[in-house]
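Values below: every heavy atom of this structure, side chains too, minus hydrogens, waters and symmetry copies. All of these numbers come straight from a predicted model, not from anything done at the bench. Order of the sequence lines fixes the chain letters, A, B, ..., with proteins taken first and strands second; residue numbering starts at 1 for each chain.
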There are 2 protein chains.
Amino acid sequence: MGHKPRKEMIAETRAKLVAAARHAFGSVGYAEASMDDFTASAGLTRGALYHHFGDKKGLLQAVIAEIDAEMLARLKIVSARADTLWQGFVDECTAYIEMALEPEIQRIVLRDGPAVLGDPSQWPSQNECIRSMSENLQKLRDEGTIVAVDPEAAARVVSGASLHAAQWIANSDDPEATSKKAVKAFNLLLEGLLKQGRRIGRPQAPAEMDKSPA
Amino acid sequence: MGHKPRKEMIAETRAKLVAAARHAFGSVGYAEASMDDFTASAGLTRGALYHHFGDKKGLLQAVIAEIDAEMLARLKIVSARADTLWQGFVDECTAYIEMALEPEIQRIVLRDGPAVLGDPSQWPSQNECIRSMSENLQKLRDEGTIVAVDPEAAARVVSGASLHAAQWIANSDDPEATSKKAVKAFNLLLEGLLKQGRRIGRPQAPAEMDKSPA
DNA sequence: AGTTTGACATACGCTCCGTATGTCATTATT
DNA sequence: AATAATGACATACGGAGCGTATGTCAAACT
């Protein structure tokens, strides 16, 4: 039985390192994660890490890139199966909030990432989720659903809002109740983007997710 | 010539440590700031630091509390001199964005703080700015200007939006242009909170800051 | 005056990171 | 096919930084 080809072994090593780091970063945080420890847990040493990723930051970048790609894929699925563009956009935002509730994403991508690598808007992965959101907003603008606004600008403030909503929910004593309040407030903000008259009347009671404008 | 009373000397020492740490954290970041270095720059040693603040995190907390207090004071001034509650709220948000552009605030409070101390919503200083914003929103709701929404929820998503707007602006190649786009998008979101009909008609051209509803 | 308290400095050990070097298998060369 | 060269890792070493344990000295107390 032949050994696996070289390329595969290398890819496997990289994958093992990324997986081990992802677990360590996600559970104890970047600063507390010992390189000796988590490389050992992958059956390797720091030698491999420095060889493949240059340094600890480089590995964090790789981990974030991986998570970011997964997030993007999930978001695409969500927005693709909506009936209208607006509904897809709203659904995508909601999904974004839900993803930001996951501890791994919150810790690695949303907290340690910016602290270690600087502002996400400068990342090479360019926060793919923002791009996706921008594209949707661009279409909504062309379609005439939302007012004239810079798509990227809107995408950034919206993602900021959803991100904080998620963090608030995640750290809340009663995530269920908090989630309802946060999502409602968030949806109100989103409606600020809609053109005059497209906004539907809202009952005072906790409303269902708004149906998209025809 | 008498030496200063004991209490004053101690307070002075604490202040010197906080000031030195604030400068170090703000310029090179929390992780890169050497305790030996910045305590020495204050004419002290780590002994004083551990005595007064327990550890490096404790000092970061003190620094953030100080900055937070300053931010709150500035925001109160801004909102106090507005003609209407809504205008005050909008002004306060704008001021929040502008403050978030300051490197020291951005780095210490918005990036390193959450990474080291966890989610700001759990901080003892409780993010005083959020509280202030919540109070304003509560009044706006009582007044009937905005729709029924949980004030804290709205405050959190709004601060998240403004924060990301600020980071985007701060790291932009052309802060002037980016600022215009970001603030416009942000103001649109804010209008989502207004009651039906209170929303003013918006021209397509980059609008001035909206005048408050009567 | 003697005792106690507490504000700070000094000293020590430990962990962790980055680099420099070594080793062995795979690939390229002739 | 034999040798050279590359590259994927492991090992070894040095340095920095942090936390703690201990020491010192002045101020407050009795």
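- Ionic pairing of R22(A) and E70(A) is present here: one or more N-O contacts between side-chain nitrogen and carboxylate oxygen are shorter than 4.0 angstrom.
- Annotation: of the two residues near DNA chain C, M35(A) and T45(B), the 5′-most nearest-nucleotide partner is T45(B).
- The residue A40(B) sits apart from the nucleic acid: no heavy atom pair falls under 4.0 Å.
- Rounded to whole Å, atom P of dC8(C) lies 8 Å from atom CG of L17(B).
- Spacing between atom CG of D36(A) and atom P of dC14(C) amounts to 16 Å, rounded to whole angstrom units.
- I146(B) is not listed as a side-chain neighbour of F89(B), based on a closest heavy-atom distance of 4.5 Å or more.
- Within the nucleic acid shown, A33(A) comes within 4.0 Å of sugar-phosphate atoms alone, with no base atom in reach, counting heavy atoms only.
- Across the protein-nucleic acid pair, Y50(B) atom OH and dG19(D) atom P stand 3 Å apart, rounded to whole Å.
- OP1 and OP2 of dA7(C) both lie 4.0 Å or more from every side-chain N or O belonging to H52(B).
- When distances are taken from the side chain of L44(B) to each of dG18(C), dG19(D), dA9(C), the shortest belongs to dA9(C).
- Here the C1' atom of nucleotide dG7(D) and the NE2 atom of H51(A) are 6 Å apart, to the nearest Å.
- Atom CD in E8(B) sits about 15 Å away from atom C1' in dA27(D), given to the nearest Å.
- The interatomic distance linking M9(A) (CE) with dC9(D) (P) rounds to 8 Å, in whole Å.
- In terms of phosphate contacts, S34(B) brings no side-chain nitrogen or oxygen within less than 4.0 Å of OP1 or OP2 of dA16(D).
- Taking each heavy atom of W123(A) and G118(A) in turn, the nearest pair found is NE1-O, 3.0 Å.
- In terms of position on DNA chain D, the residue among A48(A) and K56(B) whose nearest nucleotide sits closer to the 5' end is A48(A).
- Whole-Å rounding puts the L59(A) CG to dG18(C) P distance at 11 Å.
- Ion pairing between a basic and an acidic side chain is recognised when a charged N comes within 4.0 Å of a carboxylate O; D36(A) and R46(A) show such pairing.
- N171(B) contributes no side-chain N or O that, together with a main-chain N or O of Q122(A), makes up a donor-acceptor pair within less than 3.5 Å.
- Rounded to a whole Å, the CZ atom of R14(A) is 15 Å from the P atom of dG7(D).
- Listed candidates were dA12(D), dG19(D), dC8(C). Nearest to the side chain of R46(A) is dA12(D).
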